[in-house]
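Everything numeric here is computed off the predicted structure, so don't read it as measured data. Each chain gets a letter, A, B and so on, in the order the sequences are listed, and its residues count up from 1.
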Protein chains: 2
Amino acid sequence: MDGPLLPLGVPRAERADAARNRLHLLATAREMLAEDGADRLTMDGLAERAGLGKGTVFRRFGTRAGIFQALLDDEEQQFQQQVLSGPPPLGPDADALDRLVAYGRARIGFLFAHRDIARAALDGSQAVPAGTETPLSRMHIRMLLGQIRLGAVDPDILAVQLTAALDGPLLLHLSADDLAVDAPRMETRLVQGWQSLVHRACRP
Amino acid sequence: MDGPLLPLGVPRAERADAARNRLHLLATAREMLAEDGADRLTMDGLAERAGLGKGTVFRRFGTRAGIFQALLDDEEQQFQQQVLSGPPPLGPDADALDRLVAYGRARIGFLFAHRDIARAALDGSQAVPAGTETPLSRMHIRMLLGQIRLGAVDPDILAVQLTAALDGPLLLHLSADDLAVDAPRMETRLVQGWQSLVHRACRP
DNA sequence: GGGATAAACGGACTTTACCCCGCTTACTAT
DNA sequence: ATAGTAAGCGGGGTAAAGTCCGTTTATCCC
C-alpha cells in the first residue's frame, strides 16, 4: 500500500550538516596529519581545531581508527576507478594473471605512499579494518583468481593468503627500520616478489 | 684491566622479586583471561587482583600488549623446542620443503588455538609485535628457504610475504564471523592452502 | 509556512593506558 | 657484615578514547 519511503536496510543518508561536518573534519584531519603526523592526532584536538564538538567527531567516524579509514577510502577512490574501468593491465580487458600482477603493484604502491595512514587505520580491537580497506582487495583478488585455471586449489583461501601477503608486510611486519634504509628499493623488491609469487601460485 | 662485570648490551637480569612478580602477574593474567576474555583485562584490574601496584605491571611488561606478548612467548616455548630440535618433519633431519609445510601447519594451529591472545598482543602503535612473535617465524622461514633451490627469487622478500600469508589471515583479515561458522574447518583449509602455496612457490 | 520527528550537536563524564617520583629493597664489592 | 647503588615498588596524576544525554536543527509531509 505505502511505498517504502525509508527503504529498510539503507540507513538513510547523512543529513546535510552532518555531511558538511564530515568533509570539514576530514580536511582538518589532513592538515593536522601533514603538520604533526598520525600519532599526534587526537580526537579532542581535531574537534577543537575544526570548531566542532567532540561528540560530532565520534558520531561521524565512530572511532579514532575510523578517521584514518575514511581518509584512506577517500584516497582510494581514484585507485578503485582505475581497477574497475581503467586501461589494462590494471583494468578489465587484460589477462587475469596480468591484472593480478598489476593490481599487486598498484596496491603496494598505494600502501607505500599512505603507510602511515594505513597503519593508523588498523583498529586493534577490531578484526579487519572495517572500512573498505582490505575486504575489497580480497574480493578483487578472489574475482581474478576465479578467472584463472588453477589446479585443485581452494580459491577463497588462496585469495585470503595472497591478500595477506600483499598488505601484511606493510601493515604489520615491516618495521620503520626495515623501511628507513631504502624505502623505494623495498617497494621494488616487494613488487617483484609479488609478481613472482603470483606467477608461481597460479600455475597448475 | 677490570673484567666487565656488567657486560654492556646485556641489560643485567631481573632482580629476584621482579622475576617473582612477573610470574605471578602472568599467572593472574591467565586466570582473568580464562574468566573474562582478553578485552576485559585491564591493567588496574590485573594489578589489584595480583596484589601489586600498577606501576609494577607496567615496569614488567611495558605496555598492555606486552602482557599478551609475554603470555604468547610462554606458550610458544615448547613449540619452539619442537621446531629447533624435535622429530621430523617439524624438526631438523627432514627435507626443507617438508619442514616448511610442517611449520606452517604447526603455526596455524598455534595461532588458531591462541588467536585471542595473539590478537591482543598486536600493538597498534608499534610495527610488528615486538616480542618474539613474528620475527622468529620469519627468520625460520627465511632459513628454510635458504636450503631450497629457488629460481631467481629474492628469498628475504619471499620470507616476508610467506610469513604474512601465514599469520595475516588470523591476525588481521579473518573476522570473528569468518571463524564463527566452523573454525576447525577453516583451520584445515588454511593448512591445505599453505601447503599448496608453499609447494607452488618453491619450485624453480 | 508549520508542526512532527529523528538525526545531529556539544560538551561534561567515565574509563583506561601510561607516566612520574619519592621511598624501599635486593644485590655487589670490599 | 655493611655500605653503596641501581633496580624495583606503589599509587596518585595525566591524557586521550569513547559514552551519554539534554538541546538544537534539518528534513518530511501537509
Figure out the CG/P separation between Leu41(A) and dG18(D), and round it to whole Å. 12 Å
Does the distance from a Lys or Arg side-chain N to an Asp or Glu carboxylate O, for Glu31(B) and Arg49(B), drop under 4.0 Å? yes
Just do the side-chain contact (heavy atoms from CB on, under 4.5 Å) check on Cys202(A) and Leu145(A) with the steps written out, would you? CA-CA 8 Å; Cys202(A) 290; Leu145(A) 288 178; 3.9 Å; yes
Just checking Ile67(A): base, sugar-phosphate only, or nothing, at a heavy-atom cut-off of under 4.0 Å? nothing
Rounding to a whole Å, what distance do you find between Phe58(B):CZ and dC20(C):C1'? 13 Å
Whether Thr63(B) contacts dA17(C) is assessed here as follows: a side-chain N or O lying under 4.0 Å from the phosphate OP1 or OP2. Is that the case? no
Within this structure, what is the CG-to-P distance between Asp39(B) and dG18(D), rounded to whole angstrom? 14 Å
Please report, rounded to the nearest Å, how far the C1' atom of dT25(C) is from the CG atom of Leu52(B). 15 Å
Hey, is the side chain of Thr56(A) poking within less than 4.0 Å of OP1 or OP2 on dG10(C), counting only N and O atoms? yes
side-chain N/O Asn21(A) vs dA8(C) OP1/OP2, d < 4.0 Å: no
Separation of dA12(C) P from Glu48(A) CD (nearest whole Å): 12 Å
Nearest-angstrom distance from the residue atom CD of Glu14(B) to C1' of dG8(D): 10 Å
Out of dA16(D), dT28(C), dT19(D), which has the shortest distance to the side chain of Asp44(A)? dA16(D)
Go nucleotide by nucleotide along DNA chain C from the 5' end; which of Thr42(B) and Ala16(B) gets its closest nucleotide reached first? Thr42(B)
Taking only Lys NZ, Arg NE, NH1 and NH2, and the carboxylate oxygens of Asp or Glu, determine whether Glu35(B) and Arg30(B) approach each other closer than 4.0 Å. no
Taking 4.0 Å as the cut-off, does a side-chain nitrogen or oxygen of Arg59(B) come that near to OP1 or OP2 on dC19(C)? no
Less than 4.0 angstrom between a side-chain N/O of Arg15(B) and OP1 or OP2 of dT25(C), yes or no? no
Between P on dT16(C) and CG on Leu46(B), what's the gap in Å once rounded to a whole number? 14 Å
Value in whole Å for how far the P atom of dA7(C) lies from CZ of Arg12(A): 6 Å
Would you call Arg107(A)-Glu76(A) a salt bridge at under 4.0 Å N-O? yes
Candidates dT19(D), dC18(C), dG8(D) - which lies nearest the side chain of Lys54(A): dT19(D)
Do the charged groups of Arg105(B) and Glu187(B) touch, with an N to O distance under 4.0 Å? no
Touch class at under 4.0 angstrom, heavy-atom based, for Arg20(B) against every strand present: nothing
dG8(D) phosphate, OP1 or OP2, under 4.0 Å from Arg22(B) side-chain N/O: no
Across the strands shown, which category fits Arg60(B) at heavy-atom distances under 4.0 angstrom: base, sugar-phosphate, nothing? sugar-phosphate
